[in-house]
Amino acid sequence: MLGVCYYPEHWPEEWWADDARRMREVGITFVRIAEFAWSRIEPEPGRFDWAWLDRAIDTLGAAGLKVVMCTPTATPPKWLVDRHPDILPVNEYGGTRGFGSRRHTSFSSSTWLRESARITEEVARRYGAHDAVAGWQTDNEFGCHDTVLSYGREDVAAFRTWLRHRYQTPEALNQAWGNVFWSMEVNGFDEIIAPVGAVTETNPAARLDYWRFASDQVAAYNRMQVEVIRKHSPGRFVTHNFMGFFQEFDHWPLGEDLDIASWDSYPLGTLEKIACDDDERARWARTSHPDLAPFNHDLYRAVGRGRWWVMEQQPGPVNWAAWNPVPKPGMVRLWSWEALAHGAEVVSYFRWRQCPFAQEQMHAGLNRPDRKLSPGGLEATQVGQELAKLGALPASTRAPVALVFDYETSWITRIQPQGRDFRYTDLAFRWYEAIRRLGLDVDMVRPGASLAGYKAVVVPSLAHVSDAALQAFAATDAIILFGPRTGSKTRDLSIPDELPPGALQELLPLKVIQVASLRPNLTEPVEGPGLSGSIRRWREWLETDLPVQASFADGAPALVGDGNRFYLAGWPDPALLRGIMADLLGSVGLPVAELPEAVRLRRRGNLTFAFNYGEIDWAAPEKDAGRYLLGGPLVPPQGVACWRAE
Amino acid sequence: MLGVCYYPEHWPEEWWADDARRMREVGITFVRIAEFAWSRIEPEPGRFDWAWLDRAIDTLGAAGLKVVMCTPTATPPKWLVDRHPDILPVNEYGGTRGFGSRRHTSFSSSTWLRESARITEEVARRYGAHDAVAGWQTDNEFGCHDTVLSYGREDVAAFRTWLRHRYQTPEALNQAWGNVFWSMEVNGFDEIIAPVGAVTETNPAARLDYWRFASDQVAAYNRMQVEVIRKHSPGRFVTHNFMGFFQEFDHWPLGEDLDIASWDSYPLGTLEKIACDDDERARWARTSHPDLAPFNHDLYRAVGRGRWWVMEQQPGPVNWAAWNPVPKPGMVRLWSWEALAHGAEVVSYFRWRQCPFAQEQMHAGLNRPDRKLSPGGLEATQVGQELAKLGALPASTRAPVALVFDYETSWITRIQPQGRDFRYTDLAFRWYEAIRRLGLDVDMVRPGASLAGYKAVVVPSLAHVSDAALQAFAATDAIILFGPRTGSKTRDLSIPDELPPGALQELLPLKVIQVASLRPNLTEPVEGPGLSGSIRRWREWLETDLPVQASFADGAPALVGDGNRFYLAGWPDPALLRGIMADLLGSVGLPVAELPEAVRLRRRGNLTFAFNYGEIDWAAPEKDAGRYLLGGPLVPPQGVACWRAE
Amino acid sequence: MLGVCYYPEHWPEEWWADDARRMREVGITFVRIAEFAWSRIEPEPGRFDWAWLDRAIDTLGAAGLKVVMCTPTATPPKWLVDRHPDILPVNEYGGTRGFGSRRHTSFSSSTWLRESARITEEVARRYGAHDAVAGWQTDNEFGCHDTVLSYGREDVAAFRTWLRHRYQTPEALNQAWGNVFWSMEVNGFDEIIAPVGAVTETNPAARLDYWRFASDQVAAYNRMQVEVIRKHSPGRFVTHNFMGFFQEFDHWPLGEDLDIASWDSYPLGTLEKIACDDDERARWARTSHPDLAPFNHDLYRAVGRGRWWVMEQQPGPVNWAAWNPVPKPGMVRLWSWEALAHGAEVVSYFRWRQCPFAQEQMHAGLNRPDRKLSPGGLEATQVGQELAKLGALPASTRAPVALVFDYETSWITRIQPQGRDFRYTDLAFRWYEAIRRLGLDVDMVRPGASLAGYKAVVVPSLAHVSDAALQAFAATDAIILFGPRTGSKTRDLSIPDELPPGALQELLPLKVIQVASLRPNLTEPVEGPGLSGSIRRWREWLETDLPVQASFADGAPALVGDGNRFYLAGWPDPALLRGIMADLLGSVGLPVAELPEAVRLRRRGNLTFAFNYGEIDWAAPEKDAGRYLLGGPLVPPQGVACWRAE
């Protein structure tokens with residue numbers, strides 16, 4: 001199904017009914033509203049103006065549209081900030097981050113928590129039982145603009161409380177953090193400060209705990225809103241719209257408090273979130289990289305425990321990247337179908353009409369400012385028609401390959417990269433890319449979750465292997481490939497006594513005795529039977545008796561493992577990585593078949609989808625030449641095909 | 001005529017008379033003094049020491065030199081700052097910008113305005129009627145070191161007053177700025193803050209108004225000084241020395257308050273102000289780009305309504321660029337003649353003698369610290385002799401081509417670049433370069449000013465087309481070429497209801513329905529009859545029935561227009577741009593003739609000047625082989641020729 | 001002899017005796033301890049816990065090890081900071097640099113000076129006469145993390161006092177600094193502020209004095225500790241561990257207060273301290289540049305007036321560079337021997353065992369966290385055995401070539417680079433490299449020190465030539481080569497009245513009349529009899545009658561000089577520099593013989609050492625084929641050879 005983000009407060013009321021009618025013509029079912037409307041809902045302290053919003057919802061409902069209502073907490077109005085400047089976040093230099101845009105609040109401000117609960121209660125009470133309201137979105141893009149971490153007085157106070165709870169005594173904290181180093185020991189929790197503003201690097205264990213604390217604050221804040229909403233709005237779903245490639249807080253626990261996960265998919269704008277060279281950036285400038293949105297689709301499907309939406313789908317050029325190209329004709333349709341192929345229940349476009357004023361005026365919508373459908377709007381209409389023709393899509397099925405994705409590993413490697421370009425996002429993304437280039441579907445899995453039912457599991461890196469994660473690895477008979485730095489840290493961000501990979505040595509008897517980070521112009525060739533390529537960015541030296549599958553030029557082992565557990569001692573280049581993946585995944589009987597770099601496949605139930613991001617036609621393999629529901633066996637550039645398995 | 005900047009307070013008094021005598025030997029008429037001398041004029045609050053300055057002026061006057069007296073407000077002394085710290089400017093992070101260099105003042109500080117009026121009055125009263133004083137310079141390089149924008153308490157208070165005057169009601173302001181977006185609405189003007197310090201981007205309309213407000217403050221400050229001076233110094237001219245490529249405030253209104261515009265020409269030091277690749281930077285390192293100073297000459301001729309000086313002419317290497325090369329032999333003479341060719345009344349060198357101490361000790365002068373003429377001083381002497389030989393130069397005449405230059409477009413595209421390298425300065429400069437490469441002279445014109453008398457008008461970009469501008473475009477029968485983003489904004493920095501180019505659609509019926517900014521490694525080829533090249537950085541998609549002169553590879557129109565009005569839907573590369581210019585300017589009978597990249601021509605009255613910035617001789621075309629006043633038909637590297645039209 | 005840095009407070013007490021025993025097995029004699037142990041020595045204000053440290057020292061002593069005791073002032077504990085926040089340093093933006101890492105103190109804080117004296121007294125009294133204590137280290141790496149310069153209230157107060165002492169009257173200060181420029185004059189010392197935070201560049205003379213003042217504060221602080229230690233610990237040496245390529249304070253006067261200089265040698269980590277291109281960085285990534293550690297060895301030998309140690313020797317990969325590679329096998333041994341060859345009394349490794357927690361957990365030690373010797377530990381053991389076999393090494397002898405090294409020139413060219421890449425470190429390093437590539441040893445010499453006994457003296461640059469320096473140059477009959485900007489400034493950072501090289505004109509009659517800094521893609525070819533190459537970054541124009549040895553393409557002199565004094569008018573590229581060095585050093589009979597880029601020689605007494613940093617064997621010249629004490633005539637990659645002169 002399709003949806004759209006709509007801002008009735010931005011348009012003359014006399015346009016609303018026509019807008020609603022035209023939404024239906026495009027094939028839209030859901031309309032998200034009101035996430036930035038606080039100043040119109042409560043123009044002055046305690047004075048609420050519901051009338052306009054009542055009419056807006058009624059108008060949408062009357063047209064047969066379903067409303068996704070939001071809490072307006074991403075943009076508290078000026079009068080609230082003026083009355084309560086203590087809600088403002090503080091940056092790491094001690095400066096207050098002020099009013100004038102979005103998210104000018106700290107998750108640890110007691111005033112802000114009280115005000116958030118109040119406005120959530122007001123909105124939920126007003127519309128919780130409204131017929132047209134089908135569900136809710138909490139807030140908007142938690143953490144956007146680097147707002148997870150704040151360093152004000154109340155933030156530190158909350159951190160101290162969190163630490164008291166975790167460690168009980170200062171001695172335990174000093175021990176866990178290794179505070180004896182550099183005389184950093186504290187005699188009480190009140191001596192704790194935020195791990196910023198020091199002369200040089202602060203304790204990485206302290207920084208990790210600050211990140212964990214901040215992540216917990218986000219989850220608690222969201223849970224508070226969810227609980228208020230559920231009280232007043234029975235039977236409606238609650239979601240939150242996450243951001244792509246966003247790892248500032250742990251999404252897994254947040255997902256548990258939601259009915260549905262959703263994310264905001266801007267394939268062109270977020271291309272800069274992964275490290276690409278200039279050629280790649282130019283090649284994918286108008287289509288995005290073929291794995292960029294899918295990586296997040298698969299992640300949020302997991303975060304939502306199977307239920308997920310794209311809440312904001314890029315409909316044309318945006319305004320916020322360094323350069324903002326126009327998507328190639330066909331891409332808005334392609335992106336929409338790709339989300340659906342990955343299991344999205346709804347693809348909701350941002351936004352109905354381009355807003356001619358304020359910060360996002362250069363952001364396209366389904367409609368132009370002059371109320372005509374934009375190129376993207378025309379493509380969305382086509383998707384709506386195609387969806388109507390196809391009818392209900394089958395349920396998503398389990399993928400054959402699991403990729404273990406971990407937020408703490410992202411934090412740990414950012415706190416302590418050891419080499420400037422060791423970026424977990426890139427590593428996980430390139431492993432994902434390698435599997436999908438082989439034509440296979442991927443499920444993202446939370447560390448510690450069951451791995452039952454998978455034929456293969458890949459772990460690009462998992463800095464700390466928890467007991468639960470270890471147990472899940474031990475329990476599966478899938479083939480597993482572990483990447484560099486897995487098991488390299490204890491829970492407290494120390495090196496394990498037994499050396500990395502720590503507890504994982506139970507399953508994989510090896511020790512990492514030395515590591516090197518490598519400048520961009522350094523590579524270490526690797527060779528093995530049927531394998532050739534090199535290691536970049538990161539290399540490890542292993543002490544092990546495990547069979548060696550591939551070696552470095554100096555004879556040291558690069559890939560080791562027995563029948564079904566393998567460890568890769570470095571950051572592979574694409575050729576080496578694809579070779580390893582093809583070997584391992586092929587060895588367990590998965591149908592690996594290398595696709596062109598611009599083509600991807602994805603199954604949803606008994607349907608197979610093909611997507612062509614490139615510049616030349618792609619011919620689907622003969623055996624798939626079954627019943628085509630979309631397109632045909634020759635998939636043109638920016639084309640989509642869908643066929644039903646025989 | 002020639003001038004020089006002199007600092008008697010830097011030298012032993014016994015040197016002054018000799019300096020004055022030697023200035024005359026160089027051919028100097030005007031001497032600018034005292035713009036940084038406040039601490040010597042008023043060493044303690046209220047205690048004035050005029051004696052030394054009286055003697056200095058008398059000494060200069062006795063030698064037959066004319067003095068350009070300055071107000072010393074660019075450097076208030078320490079005692080003033082200590083008594084009145086409220087005069088200090090505040091940066092966007094809330095930090096005070098302190099004493100220790102220059103321009104440590106806010107244009108909105110009431111104390112500062114009072115103190116400025118006081119010292120201006122004192123100096124003007126003392127010297128306003130002095131025989132040797134021929135004119136005045138207000139302050140020095142307004143806005144230098146990013147001092148137009150300040151964000152302190154008084155700045156914000158003045159901004160609120162300015163907004164009250166402009167909008168009358170908060171509702172009108174909310175409407176104009178689109179504050180409903182992100183709940184940014186205010187309930188009163190006292191809720192307004194400076195548009196900085198927010199979590200992410202602030203409202204672009206608010207930022208534009210802050211820039212307009214700050215620009216108005218500069219103009220009011222200058223006007224205050226001008227009025228005080230005029231009261232005490234009848235019959236003397238008043239000027240201000242502007243900076244090259246400086247767009248932080250609108251120069252057009254300031255120019256109206258002055259008798260003469262002047263600017264400080266540092267061709268090598270400001271080479272970095274335009275985007276060049278490394279090759280260009282190396283090629284022009286010791287000569288500067290041949291259009292760099294001329295672009296500003298033509299601009300300040302317009303700002304001064306025909307009357308203008310170079311107040312500070314680079315005399316050798318400077319100290320303040322990232323790298324400071326020595327000009328090639330001949331360049332100081334060439335730059336001097338080029339200014340004169342563009343109509344300068346006076347070329348005044350900065351400075352008489354290199355100062356061996358403090359911040360600018362590595363800045364060359366006409367004399368070395370050991371009181372001998374520097375290489376630049378020798379060249380200036382040659383210019384002096386040549387000027388004496390030539391006698392009075394004819395008045396400047398109107399150029400055939402007008403380039404509409406707009407400060408607000410610079411602000412708007414910096415506030416909202418949409419693509420990282422969309423820089424108005426570069427765009428305007430490259431359009432100017434293209435015309436001058438074709439051998440033609442250019443006049444700069446303020447938007448809205450009459451375009452009568454021009455054969456061709458080019459508008460590299462004009463973000464907001466005011467009623468006056470529209471009227472001027474409608475009134476001329478010149479051929480006009482409009483560049484990208486023209487008409488793309490309303491006065492309030494919104495997208496026009498009818499889509500860009502807004503009101504200009506009356507003259508050019510087209511709509512811009514989509515825009516893309518392009519990474520540096522992306523180009524879009526363009527072809528048309530006799531035209532070939534590509535679009536970079538910025539592309540637009542047009543909806544129009546106008547005749548298409550050139551198209552993109554996907555068939556979309558790139559250059560459209562009827563007989564005399566054309567619109568270019570992107571940022572052209574040099575080849576495309578020159579092709580278009582040659583076509584259009586040639587079509588109205590202008591004598592286009594492509595010059596070598598290092599040669600330029602310029603007419604002043606019936607004189608034609610040729611300048612050779614390159615490394616090989618240039619032969620002037622036969623038909624110009626008339627009476628040579630300078631040089632001859634073969635212009636050597638760094639050479640100048642001047643001939644009188646037959 | 002060998003040493004090691006040990007942190008008993010990081011390990012279970014039951015490990016200590018075994019650690020001590022195993023240190024002896026490696027061949028270690030000295031153990032440095034306690035420089036970061038304040039929080040364990042004095043866990044609460046006034047409560048000392050000596051017991052653990054007593055036992056640690058006793059344990060080490062019992063094993064026959066000698067202890068280098070430290071003052072723990074690099075890491076004052078949290079309780080001290082909480083009680084006395086006035087000890088914290090202040091950055092140039094006015095922000096406090098807080099607790100959480102190291103060196104969070106200002107050298108001008110009176111509280112901090114009192115607390116430092118107190119803890120030094122306590123520790124010195126406790127252990128000054130302990131049998132196992134052989135010597136002392138003051139503090140740790142003065143100035144690390146940019147902590148020489150602080151800008152707080154007490155810093156400025158101390159600066160005012162320092163200025164009063166230097167200048168006596170504000171008039172003298174105004175005169176010296178040239179404060180008349182830009183009206184910067186002060187009427188009293190209380191008007192002085194730190195030279196930061198202004199709108200643009202502050203007075204370079206003020207900045208130089210601030211740097212001198214700060215350097216004096218470091219020296220005074222160190223002297224205070226030295227005096228306390230000497231009072232309580234007679235017969236023990238006192239040292240301080242300096243950092244490589246660190247020029248934030250003047251090391252020469254500090255060295256006078258110490259018995260031994262020592263420095264912390266991290267050849268891979270500090271490779272970024274010299275400007276290299278990407279190829280060089282890749283080539284030397286795992287060995288370091290062959291002159292990088294030696295440059296500092298020779299410098300600290302001079303700072304220590306002949307007596308010096310490496311206090312911290314890199315034992316494997318470190319944690320703090322942008323990328324941290326693993327040294328090639330053999331390099332830890334090579335680096336150790338190279339230090340010894342340059343005259344080190346002791347090479348002490350940092351650290352005994354890799355610490356699994358806190359900031360430096362990724363920094364290798366001689367032992368792995370699991371208590372096994374690391375690869376570096378195995379190499380250190382080999383060095384220990386080789387040292388035992390060789391016995392006492394002969395004393396260092398004077399080198400034939402002196403390089404005059406000056407800290408103020410580093411400050412002056414950073415304060416006023418005039419060209420972005422004029423870095424004194426690079427210049428001095430490349431001159432040193434050129435001499436060592438010719439097979440010669442180098443002594444570093446303080447400007448003004450006697451140059452007697454040298455055959456050649458090189459002065460890469462000496463911005464201000466003091467009377468003492470001038471006298472030393474006049475007194476020697478060595479050949480001298482002066483580099484660019486020598487004599488370019490007076491003591492007060494002005495241009496000399498007689499133009500550069502100022503007073504040096506007595507010895508070298510020439511005037512520098514113009515200088516240019518050159519972008520990286522600009523070069524100026526230079527030719528002379530037997531010389532060919534080019535000038536980069538910096539070129540000067542000379543007025544002189546001295547014989548010209550090489551000229552620029554425009555005919556201007558590039559290298560001038562008479563029989564034994566020469567001046568080079570620019571920054572030479574490697575080819576030109578090596579040619580000049582070979583000519584000059586050869587002309588005085590020195591045995592110049594160009595070595596491969598990866599090979600270096602060094603003599604200690606009658607021993608000659610050869611070091612091979614490269615990838616292919618190097619054959620020592622026949623004539624050296626004497627008695628080999630280490631290796632043999634074919635020196636393999638990463639190999640060391642040592643032979644005794646016949």
Side-chain angles (χ1 to χ4, degrees), chain A residues 7 9-10 36-41 43-44 72 74-79 82 88-89 93 95-105 144-147 278-279 281-282 285-286 316-317 319-326 329 354-362 364 368-370 372 374-375, chain B residues 93-95 174-188 190-206 416-422 488-490 492-499 511 513-522 537-539 541 543 554:
Chain A
Y7 300 88
E9 68 271 29
H10 292 177
F36 299 129
W38 194 334
S39 75
R40 287 291 167 97
I41 291 172
E44 289 170 31
T75 52
K78 188 63 178 10
W79 59 257
D82 285 348
L88 295 172
Y93 307 105
T96 297
R97 307 179 72 188
F99 182 85
S101 58
R102 298 194 287 188
R103 307 212 62 76
H104 32 278
T105 54
C144 193
H145 315 304
D146 285 321
T147 49
D278 275 356
D279 280 353
R281 286 210 196 281
R286 297 187 61 190
N319 64 301
W320 43 263
W323 285 276
N324 295 291
V326 166
Q354 183 170 357
C355 179
F357 48 78
Q359 281 91 330
E360 293 184 350
Q361 60 185 266
M362 299 301 285
R368 310 179 337 196
D370 65 349
K372 294 205 171 56
S374 68
Chain B
Y93 307 105
N174 285 330
Q175 175 69 23
W177 288 6
N179 273 344
V180 62
F181 190 84
W182 288 357
S183 277
M184 296 180 294
E185 289 163 310
V186 293
N187 291 324
D190 285 345
E191 290 186 10
I192 294 287
I193 55 178
V196 292
V199 168
T200 183
E201 186 190 358
T202 53
N203 195 322
Q416 196 177 80
Q418 180 68 7
R420 187 173 284 169
D421 50 9
F422 195 106
S488 60
K489 299 294 171 190
T490 66
D492 298 318
L493 213 165
S494 291
I495 298 174
D497 288 341
E498 65 275 47
L499 296 187
K511 286 184 192 296
I513 63 151
Q514 243 183 177
V515 301
S517 51
L518 306 173
R519 296 173 43 75
N521 58 353
L522 289 178
R537 303 194 196 197
W538 187 269
R539 177 187 166 179
W541 277 255
E543 223 174 58
D554 58 13

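Within every chain, numbering begins at 1; the chains are lettered A, B, ... in the order of the sequence lines, protein sequences first and strands thereafter. Bear in mind the structure is a predicted one, so any value in this text is a computation, not a measurement.
Between Arg102(A) and Glu201(B) the shortest side-chain heavy-atom distance does not fall below 4.5 Å. Asp278(A) places a side-chain heavy atom less than 4.5 Å from the side chain of Arg519(B). Using a 4.5 Å heavy-atom threshold, the side chains of Ser183(B) and Arg40(A) count as separate. The shortest distance between side-chain heavy atoms of Glu543(B) and Arg368(A) falls below 4.5 Å. Side-chain contact between Asp497(B) and Pro369(A) is absent, with no heavy atoms from C-beta onward closer than 4.5 Å.
Contact of Trp177(B) with chain A is made through the backbone alone, with heavy-atom distances under 4.5 Å. For Ser374(A), no part sits under 4.5 Å from any heavy atom of chain B, backbone or side chain.
Lys78(A) places no side-chain N or O within 3.5 Å of a backbone atom of Asn187(B) that could act as its donor or acceptor partner. Looking at Asn324(A), its side chain never comes within 3.5 Å of a backbone N or O of Gly419(B) through a donor-acceptor pair. Of the possible donor and acceptor atoms, one in the side chain of Gln361(A) sits under 3.5 Å from a partner among the backbone N and O of Leu493(B).
Qualifying ring pair (Phe, Tyr, Trp, His ring centres under 6.0 Å) partners for Trp323(A), counting only residues two or more places apart in sequence or in other chains: none.
In terms of heavy-atom pairs under 4.5 Å with chain B, the best-connected choice from Trp320(A), Phe99(A), Tyr93(A) is Phe99(A).
Using cut-offs of 30° and 60° for the angle between ring planes, the Phe357(A) and Phe181(B) rings count as perpendicular.
Atom CD of Glu498(B) has more than 12 heavy atoms from other residues, nucleotides or ligands within 6.0 Å.
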